K.L.:
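Got a structure for you, written out below as structure tokens; questions coming shortly.
Worth saying up front: this structure is predicted, and the values here are computed from it rather than measured.
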Amino acid sequence: MKRPRLAEWILRRAVPPHAADAILGDLFEELHASGNRARFVLNVCSIVVRYAPRSFRRDRTLTKERKAARMESLLLDLKYAARSLAKRPSFPIVVLTTLALGIGAATAIFSIVDGILLRPLPYADPERLVFVNETDAGRRMTFAWPNYKDLRERAQSYESIACNQGNDFSVLGDGRPRRLPGRLVCAPFFDVLGVRMQAGRNFTADDDRDGASPVAIVSDRFWREELGGDPAVVGRTLRTAERTFTIVGVLPPGFWFARPGDVFAPIGLTMTKDSGWHDRGNHFGLNAVARLKPGVTVARANEEISRIYEQLKREYPNSNARTGGQLMPLADRFVDQIQGTLVALMGAVGFLLLLACVNVANLLVGRGAAREHELAIRAALGGSRWRLVRQLLVESTLLSLGGGILGIAVAAWLLQTLIALTPEGIPRIEQVRLNRTSLLFGFAAATACGLLFGAFPALQASGVRGRHLLARASRTSAAGSPRRTRRVLMAVETALALILLAGCGLMARTMLHLNAVETGFRPDHLLTARVILSGTPWDNPDRRITFYDAVLARLREVPGVTNAALTLSLPIEGSNWGSVFMVRDKPVPPRAELPTSAFVPITPDYFATMGITLRAGRAFDARDHAKSARAVIVNDTFASQLWPGENPIGKFIKQGWPETSEEFAPWREVVGVVNDVKLNGVDQDTPKQAFLPLAQNPSRSVAIVLRTSTEPASIARAVEAAVQSVEKELPVIRPMPMTQMMQNAVARQRLSAVILGVFAIVAIVLAAVGLYGVVAHSVTERTREIGVRMALGAERGQVQRLFVVHGVITAIAGTIAGLAGAAILSRWLETMLFGVKPADPSTLAAVALLLLIVSAAACYIPARRAARVDPLVALRE
Amino acid sequence: MPPAPLGELEQLILLAALRLGAEAYGVSIARELEAHAGRRLSRGALYTSLERLELKGLIRWKLEAGGPERRGLPRRTYSVTPRGVAALRASQRILRRMWRGLDDVLKESS
């Protein structure tokens, strides 16, 4: 039988040698008798576990006295350290502030990264979960229900799969009607995720069909806050505008899917025959989550889904010509918007922390140089080299721990500020807090800093020789190793500062470009809100049209409102209805090449309210009612792409596929052209847009836009009251000034810009302080030399120049290194940049210049002091 | 100095060593405990207990050459010292005193 060498080796490490032979002999004997290797290994483990702590205890008893002596001298070191730090409090204050800023910023950013990217999703075996969606010519798109059903039946890669659709509910009942986020899900949804209800039951297949009695599952938050934590919640009714549900389950605390949700209902309830779900051309925001079978990789599952969509393409060429399928790990899908930003910020904060360390190291080296005399005396009196080094290490550890504690306080404050600044829609941001992991990170960072910045002065002190230093300290040498170390550290610091400045500069340029974007409308004094006419009472389009008219009339009466309109889609917020279309006077291209446009039903005053200019033709008016001829107004992009050089007025277009019947997709006459308006965010190109009269396309979801003469936010409550005077239980969703919506649209970039801006300011201050310290120290050290120079006839200006030039040369060396670093590293920012290239030469040149000017100023102040040295005094000293 | 009172495991190990006489070593003690006391002892607990008993001077050992089944490694055979015997007696006395008068309560129905 093979000898279990590893187990034997481990045992011999844990057990005292005199006992090890006999014990191993016993174990081998038993192994020989039973042949049970597992038993053998288990025995070894139990012995190792029992012996390991004993060996520590034994050690302690044997060397108790030595330990006590060591402890005492460590206490002495601590006392010395505290005393020497307290003697000149400005030094520890500067060091602690630097460290607190560095560690605090790093801990805060790490907490966000940890909460969003690192912490596993709150599901069972989350690494086997994938997010599945369709693609339209390669771009991500949601499922058509029949495609989803085919995929579910044909795919072999999944253990289980469930579809879902983000859906808000207008919850009625006590108090104001409100719109709460939720989700429509297939029955197995929670089983796929492996989530168990804390009360009640999951959905069953019987709940998940058209005509089933409506049931709902609510979140832990909803149950606690809105239902008062009622223990008899299962069986209670939940009244919404859509339908009245019976609550059958309560989700566990912390459940989260793509965004916070309060109400979950079976999607089958909405799948009535004429709902449009059963049309293969309709993609109604349906996504799917699947659990891969054990051992199936994402790549293999993707190969399979591609094969299935190839089949579907052949079977349904009409609807699936450009449709593909795609899946990716669920965790990646949730963070793909923010991952790049977070990684870039984490990198930036790493540089800031490094910069803080280098700065502190620099200060400590300077301090060490100033204390050479003291150290030399201690060495001469018989202090061993190790004792001196340890004294310095104790000091730096004390500083880093203090910095760590302060840093965590800074992190707590910074984290709150950052979370308040974060744009909407960042996954799990509401769960980010300073937890044990972040505290651990903070202290690890502090310890690492302590070792890093403590190492330099300690290494230097280790070279101390009593005789040698006593001699040197009194002679004020011209070139010493501390000064070289400090200059190298200084150059590193300048390089790091430049990298951070470059990041900040690029983001600042991005923000300038974003704010200067021509949106095509006047966003000031504009209030937006949304209402959704859900539920069976609104099935009748005439009722909706009556409501629009009534609500617009009421809104115009609100004091401060000068104009009011309704629209399906708001600029910046994005399109709610994209569709292919055809042009009557052009040949119909192959299906895969049919043009697409955003379609936006609006009321007649929309352009006037928004401040959009009519380029040609007319706006909609009373002529365009439900029964009149179908009209359409297109934007510049639409007109110039479809009819370059032609007059678009009087042309005809039809929304939909060639075979779509006239009843659903009539031909519409182009009656006007308006200027381009940014539709999807600020940084995306304007798509083709076609505006339709809302009366001819009475959508259920409409946004209200109001031009105001007062501060728009101030009339939000009055607007809500006006809407509810027409329809008592209709929630008014997110009343918001248009300017705020635009701010939100660039929030990701703004957040990065703000953070990098703060980092850059801290960086440049640290670099300036560091440089000032180096030059000032060098002036003090060379006072006698200055005296000699001046006595021999040197001009004040020359002396001054000498020091400025020395400092600036260091800064230039650092700047060049930093420029190289920035050129490489700025690529990480690429996804956030707008209107500027990552290694933009003019930005890099500008920040390099700024840094050099600040460096020169930092050198100038101590250099001026050097020039004012009185040669007589200097020489007499 | 009177011997310190013995723990239950210590008593069991000492008794097993006495029962085994000259054949008392790690493997046989473990078997004895399992067979007659119904105790399955982890090897870690066994060897650390033996070491503790040795430290208290209640047990001693001598090395014997091991055969091929032990891959030539030596064997520690244990014997209980007079101090160990005294300690066992003391424990027995304590138990007897505590049992006295409780026969009615603790009598097992036969």
K.L.:
To the nearest 0.5 Å, how far apart are CD1 in A/Ile23 and CG in B/Leu73?
P.N.:
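Rounded to the nearest 0.5 Å, the CD1-CG separation comes to 11.5 Å.
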
K.L.:
Count the heavy atoms of every other residue, nucleotide or ligand shown that sit under 6.0 Å from CZ of A/Arg201, and state whether that count exceeds 12.
P.N.:
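Atom CZ in A/Arg201 is packed in, count exceeds 12.
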
K.L.:
When B/Arg70 is tested against each of A/Asp26, A/Leu24, A/Leu31, A/Asp21 for side chain to side chain contact (heavy atoms under 4.5 Å, CB included), which residue passes?
P.N.:
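Testing each of A/Asp26, A/Leu24, A/Leu31, A/Asp21 against B/Arg70, the sole residue satisfying side chain to side chain contact (heavy atoms under 4.5 Å, CB included) is A/Asp26.
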
K.L.:
Would you mind telling me which of B/Ser42, B/Ala45, B/Gly67 has the largest number of heavy-atom pairs within less than 4.5 Å of chain A?
P.N.:
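Of the options given, most contacts go to B/Ala45.
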
K.L.:
Give a yes or no on whether A/Lys293 atom NZ has more than 12 heavy-atom contacts from other residues, nucleotides or ligands under 6.0 Å away.
P.N.:
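Buried by this count: over 12 neighbours within 6.0 Å.
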
K.L.:
Give the minimum heavy-atom separation between A/Ser46 and B/Arg43, together with the two atoms involved.
P.N.:
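It is OG-N, 3.3 Å.
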
K.L.:
Of the non-hydrogen atoms in B/Tyr47 and A/Tyr51, which two are nearest, and what is the gap between them?
P.N.:
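Where B/Tyr47 meets A/Tyr51 most closely, the heavy atoms are O-OH, 3.6 Å.
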
K.L.:
What part of B/Ala30 is in contact with chain A, defined as an atom under 4.5 angstrom from a non-hydrogen atom: side chain, backbone, both or neither?
P.N.:
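No part of it gets close to chain A.
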
K.L.:
Enter the distance from B/Glu51:CD to A/Arg50:CZ here, rounded to the nearest 0.5 Å.
P.N.:
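Nearest 0.5 Å value for the CD-CZ distance: 12.0 Å.
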
